[in-house]
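If you're wondering where the values come from, they're calculated on a predicted model, not measured in any experiment.
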Amino acid sequence: MKTVRTPDDRFEDLPDYNFEPHYAKVDGLRMHYLDEGPQDGETVLLLHGEPSWCYLYRHMIPPLTEAGLRVVAPDLIGFGRSDKPVSKSEYSYAGHVDWTREFIELLDLSGITLFCQDWGSLIGLRLAAENERRFARIALGNGGLPTGDQSMPNAFMKWRAFALHSPYFPIGKIVQKGTTTNLRDEVVAAYDAPVPSRKFKAGARMFPALVPIRPDDPASEANRNAWAALGRWEKPFLTAFSDRDPITRGGDRVWQKHVPGARGQKHVTIEGAGHFLQEDKGEELAKILVEFIETDRASRSGPTTRDS
């Protein structure tokens, strides 16, 4: 497998990003991740999507660690500081799930609170459904788990064709189009930092094509099984979707009905945020996650009595 690795100097002096890099080996590939906060704190796993990288979570990490949580935020293979196979054929849905599962096992993460968005959801929900013992809670934002049995929005099909065929694929500007915030030039450049040339973009270009859009897609059966497992998921499950994402808006309702652990949760619609709600409303989203975790802790600890 031919791979490329983004030079370290591309990640120097990025705005609001002062985190130490960490690396793990998965299937012979170097996978980058952030690991912030107390090592003995409850683990929050933040999974990014397409075509971003863990830079997307820079505003969420400080409020989470200040709450005493350990935050692990990997760059998926093909993104950020992680190794990038050059050939599109090296990427598959199953491969991404396997790479990320191996990462979780290498770090031996347990008691995980998962937050996932976009392709982070397609991977993260599968992992939680298939490895429930490692996960304590799920928070889902602007994402889902398509099986190919449903019709996809026209906006997604246009995006899929663009990613596969457009000769022009500007990562930073694509993120900008998915936000309601007018990003500073240096922030747009930070999203471009991992991809100095076309050969670094194979993973980002392939992700939309890997979404199941037909019932006979190679990933459809595994995703159907994950849906069934999540239909039995009794652990806390929270939705935090934004109100200005044309692709996923309204997709939270099916999860609220389908997942037993979603009943009684304080589901949130984040106003004024686009597809990349972490960029638009990161600090607000972090506070929602902290409350979600603390509420669950309190419910499990049971009522307390005070001496009179």
Could you walk me through whether R205 and L164 pass side chain to side chain contact (heavy atoms under 4.5 Å, CB included), step by step?
CA-CA 6 Å; R205 282 188 174 273; L164 277 176; 5.7 Å; no

I'd like to know whether R134 forms a salt bridge (charged side-chain N to carboxylate O under 4.0 Å, His left out) with D108, so could you lay out the CA-CA distance, the side-chain angles of the two residues, the decisive distance to 0.1 Å, and finally the verdict.
CA-CA 9 Å; R134 289 191 178 271; D108 195 22; 3.2 Å; yes

Output yes when [X] and [Y] qualify as a salt bridge under the 4.0 Å nitrogen-oxygen rule, no when they do not.
X    : Y    : result
E42  : R297 : yes
R214 : D149 : no
R126 : E130 : yes
D8   : R81  : yes

Any chance you could measure F162, atom CZ, to Y168, atom OH, to the nearest 0.5 Å?
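Reported value, rounded in 0.5 Å steps: 8.0 Å.
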
Between atom CG of N225 and atom OG of S220, what is the distance when rounded to the nearest 0.5 Å?
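The CG atom of N225 sits 11.0 Å away from the OG atom of S220.
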
Between [X] and [Y], is any side-chain donor less than 3.5 angstrom from a side-chain acceptor?
X    : Y    : answer
H22  : D35  : no
S82  : H32  : no
D243 : T269 : no
R137 : T113 : yes
K281 : S242 : no
T248 : D245 : yes
D118 : H48  : no

Examine distances only and state if a side-chain atom of E102 and a backbone atom of D27 form a donor-acceptor pair shorter than 3.5 Å.
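Confirmed, E102 side chain pairs with D27 backbone.
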
Is the side chain of T179 donor-acceptor paired with the backbone N or O of D280 at a distance under 3.5 Å, no angle test?
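Absent.
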
Aromatic contact between W255 and W227, with the criterion being ring centroids under 6.0 Å apart: yes or no?
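Aromatic pair counts; centres sit under 6.0 Å.
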
Going by the rule side-chain contact (heavy atoms from CB on, under 4.5 Å), which residues pair with [X] if we only count those two or more places apart in sequence or in a different chain?
X    : value
R249 : none
P62  : E66
K266 : E291

Exactly one of Y55, Y17, W53 should register a ring pair (Phe, Tyr, Trp, His ring centres under 6.0 Å) with F11. Which one does?
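Of Y55, Y17, W53, ring pair (Phe, Tyr, Trp, His ring centres under 6.0 Å) with F11 is met by W53 alone.
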
Begin with the C-alpha distance, continue with both residues' side-chain angles, and end with the deciding distance and a verdict on salt bridge (charged side-chain N to carboxylate O under 4.0 Å, His left out) for E279 and R58.
CA-CA 9 Å; E279 184 66 54; R58 69 196 182 283; 2.7 Å; yes

Under 4.5 Å between any side-chain heavy atoms of N223 and Y93, yes or no?
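A side-chain contact exists here, since the closest heavy-atom pair is under 4.5 Å.
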
How are the rings of F103 and Y33 set to each other: parallel, tilted or perpendicular (split at 30° and 60°)?
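Aromatic pair F103/Y33 classed perpendicular.
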
Can you tell me how the ring of H96 sits relative to the ring of W119, calling it parallel under 30°, perpendicular over 60° and tilted otherwise?
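H96 vs W119 ring planes: tilted.
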
Determine, stepwise, if the pair R184 / D16 fulfils salt bridge (charged side-chain N to carboxylate O under 4.0 Å, His left out).
CA-CA 12 Å; R184 293 175 290 153; D16 304 319; 3.3 Å; yes

Please step through side chain to side chain contact (heavy atoms under 4.5 Å, CB included) for the pair L140 and L125, ending with a clear verdict.
CA-CA 9 Å; L140 172 63; L125 293 173; 4.2 Å; yes

What verdict does the salt bridge (charged side-chain N to carboxylate O under 4.0 Å, His left out) test give for K287 and E284, after you've listed the backbone C-alpha separation in whole Å, the side-chain angles of each residue and the deciding distance to 0.1 Å?
CA-CA 5 Å; K287 291 176 182 177; E284 178 180 339; over 6 Å; no

Ring-face cation contact, Y23 with R30, 6.0 Å cut, 45° max:
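Judged by the rule, R30 and Y23 form a cation-pi pair.
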
